[in-house]
Amino acid sequence: MPAIVLAVANQKGGVGKTTTAISVATALAQLGRRVLLVDIDPQANATSGLGIDRREVEVSIYDVVVLGRPLVEARRPTLVPNLDLVPSDIALAGSEIELVGMARREHRLGYALEGLEADDDYVLIDAPPSLGLLTVNAVVAAGALLIPIQCEFYALEGLGLLTHTIALLRRELNPDLGIAGIVMTQFDGRLALSHQVVHEVRRRFGDKLLTPLIPRNVRLSEAPSHGLPITIYDPGCRGAIAYRELAFNLDQRLRDGAAGAATG
Ligand code: ADP
Ligand code: MG
């Protein structure tokens, strides 16, 4: 079976993309799946969050997407068994400009992923908070989106834009792009607003909303500074438990329903 490729994307920053990408990738790997995490954000938060110092990265996603080097040369193991990473680095910051003049500039990551080994089960791509060419590359390469939405007021205002963006991406770039799931982040059950956001997302996206909701949990914000995924930093904390369950549910949904669940 070819790998299921998911772009963790939302044009808003700070909504939990990187936290979700690292946590879900790690939890899937801990379930025994073979997972590759691709960090295509110039901020390289997924890279540092897995304990890799960007200064010692020799071959990065920049070399792959901009210079056309094979993905396998940038791929490296992480501290998590079954989880490999293609790291990002600062050179990627200028790549939006470098890519503009290139042929098939939207497809460069997609082409690179075609060279993947057959034994990967999942590829997760941590996208930057924009709709630039790097995000476009992630979306074009992916079969489906994994969309984190933060339970805050601005999410309510942003939902229309998000729906519009997905329609646009399908029309212009990837007609087969599905929604693998929506991840509700920073949920606080004491706040009416949190419930309101969840209600509104469920109304628009129905069963694309994944369970459980991810609670606001200070351990999740501490883990990256230790270079550890949450399920290793503090396996018993509420954030780790929630992400583990969510990854289990996502895995079931994608494997059972296969194409059906990843589309629509
Ligand atoms: P993005 O990649 O979308 O910009 P991040 O995953 O980096 O977002 O999250 C933004 C900030 O919020 C980070 O400091 C992160 O540690 C913190 N954070 C994310 N999810 C949670 C959560 N559920 N509870 C507490 N803090 C969180
Ligand atoms: Mg991020």
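Atoms within a ligand are numbered from 1 in the order they appear, just like the ligands themselves. Note that this is a predicted model, so its numbers are computed, not measured.
For atom 18 (N) of ligand 1, a protein non-hydrogen atom is found at a distance below 4.0 Å. Taking a distance limit of 4.0 Å, we find that atom 11 (C) of ligand 1 is approached by no protein heavy atom.
Crowding of Glu157 atom CD: a count of heavy atoms from other residues, nucleotides or ligands under 6.0 Å exceeding 12. Atom NE2 of His199 sits in a sparse spot, with 12 or fewer heavy atoms from other residues, nucleotides or ligands closer than 6.0 Å.
The closest side-chain donor-acceptor pair between Thr18 and Asn45, if any, does not fall under 3.5 angstrom.
If you check which protein heavy atom lies closest to atom 22 (C) of ligand 1, you get Leu220 CD1, 3.5 Å. Of the protein's non-hydrogen atoms, the one nearest atom 16 (O) of ligand 1 is Ser221 CA, 3.2 Å. Distance from atom 21 (C) of ligand 1 to its nearest protein heavy atom, with residue and atom name: Gln186 NE2, 3.5 Å. Shortest contact from atom 23 (N) of ligand 1 to any protein heavy atom: Pro215 O, 2.9 Å. Of all protein heavy atoms, the one closest to atom 4 (O) of ligand 1 is Gly14 N, 2.7 Å.
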Checklist entry - Arg75 and Asp120: salt bridge (charged side-chain N to carboxylate O under 4.0 Å, His left out), yes or no, with the steps? => result CA-CA 12 Å; Arg75 173 179 195 145; Asp120 286 303; 2.7 Å; yes

Next on the checklist: With salt bridge (charged side-chain N to carboxylate O under 4.0 Å, His left out) as the criterion, how do Glu98 and Arg108 come out once you've worked through the C-alpha distance, each side chain's angles and the decisive distance to 0.1 Å?
Outcome noted: CA-CA 12 Å; Glu98 288 179 84; Arg108 298 183 65 91; over 6 Å; no

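A side-chain hydrogen bond (donor to acceptor under 3.5 Å, both in side chains) with Tyr243 is found for exactly one of Thr19, Thr185, Thr20, namely Thr20. Across Val65, Val57, Val59, a single residue satisfies side-chain contact (heavy atoms from CB on, under 4.5 Å) together with Ile61, and that is Val65.
With 2.8 Å as the limit, Thr18 counts as an N, O or S neighbour of the Mg ion (ligand 2).
Of all the listed residues (Thr19, Val8, Asp126, Asn217), Asn217 holds the heavy atom that lies closest to atom 25 (C) of ligand 1. For atom 2 (O) of ligand 1, the nearest non-hydrogen atom from the set Val15, Leu213, Thr18 comes from Thr18.
By the 4.0 Å heavy-atom criterion, Gly239 is excluded from the residues contacting ligand 1.
Of the N or O atoms in Lys17, one or more lie within a sub-3.5 Å distance of an N or O in ligand 1. Distances between N or O atoms of Gly16 and those of ligand 1 include at least one value under 3.5 Å. By the 3.5 Å distance cut-off applied to N or O atoms, Gly13 is not counted among the residues near ligand 1.
Hydrophobic clustering, with ILVMFWY side chains joined whenever heavy atoms are under 4.5 angstrom apart, groups Leu31 together with Ile22.
In terms of heavy atoms, Ala3 sits closest to Leu116 at CB-CD1, 4.5 Å.
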